[in-house]
Amino acid sequence: MSGLKIILYRLSIMTFLILAMTGLNWPGCEDKMTEFRIKDSPPLDQVNSHYPGNQPPLRPNPLLKLPPGQVEARGWLLSQLRLMADGLTGRLQEISRFLQPDSGWLTLRGRGWEEMPYWLKGYGDLAYLLRDPEMIASARKWIEAILRSQQSDGYFGPVDNRENNDLWPNMVALACLQNYYEFSGDRRVLDFMSAYFRYQQSLPEEKLLPGSWQKLRGGENLESVYWLYNRTGQKWLLELAEKIYRRTADWASPILSPERDRNWEESSFYHGVNIAMGLRYPGVYYQQTADRRLLEAVERNYRQLMDSYGQQPGGMFAADENIRPGYNDPRQGAETCTMVEFMNSFESLLKITGNVIYADRAEEIAVNSLPAALTPDLKALHYLTAANLVACDSSDQHDFQNSGTLLSFDPWKYRCCQHNVAFGWPYYVEHLWLATADNGLAAIFYGPSQASLKAGQNGQTVRLVQDTDYPFSENIRLTLYAEQPVAFPLYLRLPGWAERAVVAVNAEKPVEVRAAGKYVQLERTWKNGDQVMILLEQALRIKFWPGIGQAVSVGRGPLWYSLEIKEEWKRAGGSEDWPAWEVLPASPWNYALVLDEKNPGESFRLLEQKAVPFQPFSLEGAPLVLEARARRLADWKEEGRMVGRVPPSPVVSREPEVKIRLIPMGCARLRITCFPWIRAK
């Protein structure tokens, strides 16, 4: 262990013990009744008694989402939701031409495609999470319009979509209805969806999902069929599920192939958003077949994709529209839609398998890539966000598949992302806490929050409060509130990067755990005021990327770090209420890190650790700063307005060695996160 790691770990242990001695409320502190176990997953063969999950013959869910509103964000997470409500998502009806009174979703005449349900899927859940009556009423207007649109044969939605035999927009609308039902219990939704699926079942095979987006994204429809089956038990729905999976594009076969490489521009399998969604579909169908080869296909395709195009931090892959052979440098970027859909796929696979790795992948995107896709006030976004990005300008002087403005922050542009970004943070918050198959609770995504749920054999209501600044801190405190003692298992996720953790329950001796990528299961009879202290050691980690010339990235805990590049914000159109912005570099960016190959961590130190502000994901608000050794690299230059490809390492520079500042990747709109490096003398 490097000197920096030792110092950080000792400081963390001291902080942990001080908090344990001064901050815990210990009723019955003489008891040592907690059973600690390490688990790969909550049970895969049990069924929760209190929340709807998979009914036989579907495979049981180890983890289940709680109804909207039972998980509440606090701290910096609540800030994201409030900024959303006051920003683009909450006020998008003011400026989006797709959310006006002439929308086909309201009038049933003319165009009404994916945009409205994309937005409503996130806007509705945002309203439920914030318990905002005006927003709930606004969402309800669109929900009621969808319910009114159903025809006698069960079809629903704008007539243009029916004339085009396009079921894709309805797949997104079904997700809106499901969320609404889980919040309200309005049984009209069940009858509505049953009638619609009868319509789908009546279609000749060749008429169901004949092509285009609906065929590539049919797994969304499949998930909705399972959702309804689990609430009604109608056996014919499983026959429809088999039919839908047969008609959906084949995502179980390898995604990348030589033939598709040759025809990458025409291949819809190479479209970034399609990949982010389709990757999970074999795993969704696994619930019905129990064929583990489907889960193996998900992982094989993920590894193939990331080994070829994901050689960068932040959890994304290079697809500035489609993935393109030869364009795997971290400057290529990913679409904002791809980010939120990739997160959603991992959240879905997490509930199906219980595997911690899917939570790790969703979290990596959420706290590193997603924040920089929008301005800090969440009032504008851009189409593409890259791991290496030195100008968010409005020119087309970038080597992307599409031309035109793709990088400037603009509330008026980027049609699909403008609407679809809405569900990223709300869905993430809803997965902070999940119910488990054995009537327990799992802490999945750590962050300031609380959850109220039914737990234990008799379904007693308990409330757990999570106090933490995670991911900007490694200390987490959970406090339980219950009217009566209640026995249930509490699962704590141990992220894959957390090689060392410490867990303490009340006055019991802290337990050191080395089980990264698994769960700690705490089994006990819980009493009001019981507390659990968790320390997840956020050790410095250095990652080399063999696919881009052994470039290097620096991480600490769940966060990756970027060069701090000063930002010049320039107006680039828009209106006074809804301005568009270019963000240009106001300081040098072409640095190579100086590394000791045998002890690379010795080249870095934690320079600053500040209180977490209302919006931590900004240049000024960055709560953590690392210091690194570096030299300028004169030959690493812009190509147009685009950062040059990362030079193969090790490199040589005659420039003087300097100290540079690294900030969390999600705080940096301009960023270098994949660095060339120089051998330290």
Side-chain angles (χ1 to χ4, degrees), residues 1-2 4-17 19-20 34 36-42 63 77 313-315 346-347 350 353-368 428 431-434 441-449 466-478 489-505 510-522 532-543 553-561 600-601 604 606 609 612 623-624 626 664-666:
M1 184 185 292
S2 70
L4 174 62
K5 288 184 179 180
I6 292 171
I7 292 170
L8 291 174
Y9 181 63
R10 287 176 176 171
L11 286 173
S12 298
I13 292 294
M14 289 174 61
T15 302
F16 182 88
L17 292 174
L19 287 170
T34 307
F36 282 71
R37 299 184 183 92
I38 302 300
K39 297 284 187 178
D40 292 327
S41 167
L63 294 164
L77 273 169
F346 296 137
E347 290 157 0
L350 170 69
T353 68
N355 195 330
V356 164
I357 197 169
Y358 296 118
D360 289 353
R361 292 172 183 172
E363 179 182 74
E364 182 178 4
I365 298 167
V367 300
N368 292 287
Y428 184 82
H431 287 79
L432 291 169
W433 300 87
L434 297 176
L441 181 65
I444 298 297
F445 298 133
Y446 294 109
S449 61
Q466 183 176 165
D467 292 302
T468 183
D469 285 331
Y470 183 97
F472 308 105
S473 168
E474 52 196 4
N475 296 305
I476 301 156
R477 181 174 63 197
L478 309 180
L490 176 63
Y491 291 81
L492 310 176
R493 166 180 155 249
L494 299 176
W497 50 262
E499 296 181 2
R500 180 185 284 106
V502 182
V503 179
V505 179
V511 176
E512 185 174 72
V513 183
R514 295 175 179 269
K518 298 184 183 296
Y519 296 89
V520 174
Q521 183 202 57
L522 306 179
V532 180
M533 292 291 293
I534 309 162
L535 181 143
L536 300 174
E537 181 192 355
Q538 295 188 354
L540 197 76
R541 53 199 169 102
I542 307 298
K543 173 71 174 178
S553 294
V554 182
R556 183 174 177 270
L559 300 176
W560 293 100
Y561 283 76
F604 307 89
L606 181 62
Q609 187 165 10
V612 177
L624 299 169
L626 301 181
M665 182 179 177

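All of these numbers come straight from a predicted model, not from anything done at the bench. One is the number of the first residue; the rest follow in order along the sequence.
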Output all residues satisfying side-chain hydrogen bond (donor to acceptor under 3.5 Å, both in side chains) with Arg37, sequence neighbours left out; order by chain, then residue number.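 For Arg37 the side-chain hydrogen bond (donor to acceptor under 3.5 Å, both in side chains) partners, ignoring immediate neighbours, are Glu35, Gln521.
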So, using side-chain hydrogen bond (donor to acceptor under 3.5 Å, both in side chains) as the criterion, who are the partners of Asp467 when residues are at least two apart?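 So Asp467 forms a side-chain hydrogen bond (donor to acceptor under 3.5 Å, both in side chains) with Arg74.
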Suppose we screen for ring-ring contact (aromatic ring centres under 6.0 Å, His included). Which residues come up paired with Tyr428, at least two apart in sequence or across chains?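 Partners of Tyr428 by the ring-ring contact (aromatic ring centres under 6.0 Å, His included) criterion, ordered by chain and then number, come out as Trp425, Phe445.
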Contacts of type ring-ring contact (aromatic ring centres under 6.0 Å, His included), residue Tyr358, not counting sequence neighbours: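 With neighbours one apart ignored, the set is empty.
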Salt bridge (Lys or Arg N to Asp or Glu O under 4.0 Å) filter on Lys518, not counting sequence neighbours, yields Asp40
Among all residues two or more places apart in sequence or in another chain, which pass the salt bridge (Lys or Arg N to Asp or Glu O under 4.0 Å) test with Glu363?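 Expected list: Arg493.
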Apply side chain to side chain contact (heavy atoms under 4.5 Å, CB included) to [X] and list each qualifying residue two or more places apart in sequence or on a separate chain.
| X | value |
| --- | --- |
| Ser41 | Leu44, Pro62 |
| Glu499 | none |
| Ala442 | Leu63, Thr436, Ile444, Tyr491 |

Shortest non-hydrogen separation from [X] to [Y] and the atoms involved:
| X | Y | value |
| --- | --- | --- |
| Gly447 | Leu77 | CA-CD1, 3.9 Å |
| Tyr470 | Pro495 | OH-CG, 4.2 Å |
| Ser449 | Trp433 | OG-NE1, 2.9 Å |
| Ala516 | Gly496 | CB-O, 3.4 Å |

Close side-chain approach of [X] and [Y], heavy atoms under 4.5 Å:
| X | Y | result |
| --- | --- | --- |
| Thr34 | Val532 | no |
| Pro471 | Tyr446 | no |
| Leu536 | Leu494 | yes |
| Ile357 | Leu350 | no |
| Val511 | Val502 | no |
| Tyr519 | Ile38 | no |

Interatomic spacing from [atom1] in [X] to [atom2] in [Y] - rounded to 0.5 Å:
| X | Y | atom1 | atom2 | value |
| --- | --- | --- | --- | --- |
| Leu626 | Gln609 | CG | CD | 10.0 Å |
| Arg541 | Arg556 | CZ | CZ | 11.0 Å |
| Asn475 | Asp469 | CG | CG | 9.5 Å |
| Leu559 | Trp497 | CG | CH2 | 8.5 Å |
| Ile365 | Phe346 | CD1 | CZ | 5.0 Å |
| Leu492 | Ile476 | CG | CD1 | 8.5 Å |

Check: Asn368 side chain, Pro558 main-chain N or O, donor-acceptor pair, under 3.5 Å: yes
Check whether the side chains of Trp560 and Glu364 place a donor and an acceptor atom closer than 3.5 Å, and report yes or no.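 Trp560 vs Glu364: donor-acceptor pair found between side chains.
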Would Thr468 and Ile534 satisfy side-chain contact (heavy atoms from CB on, under 4.5 Å), going step by step from the backbone distance to the final call? CA-CA 10 Å; Thr468 183; Ile534 309 162; over 6 Å; no
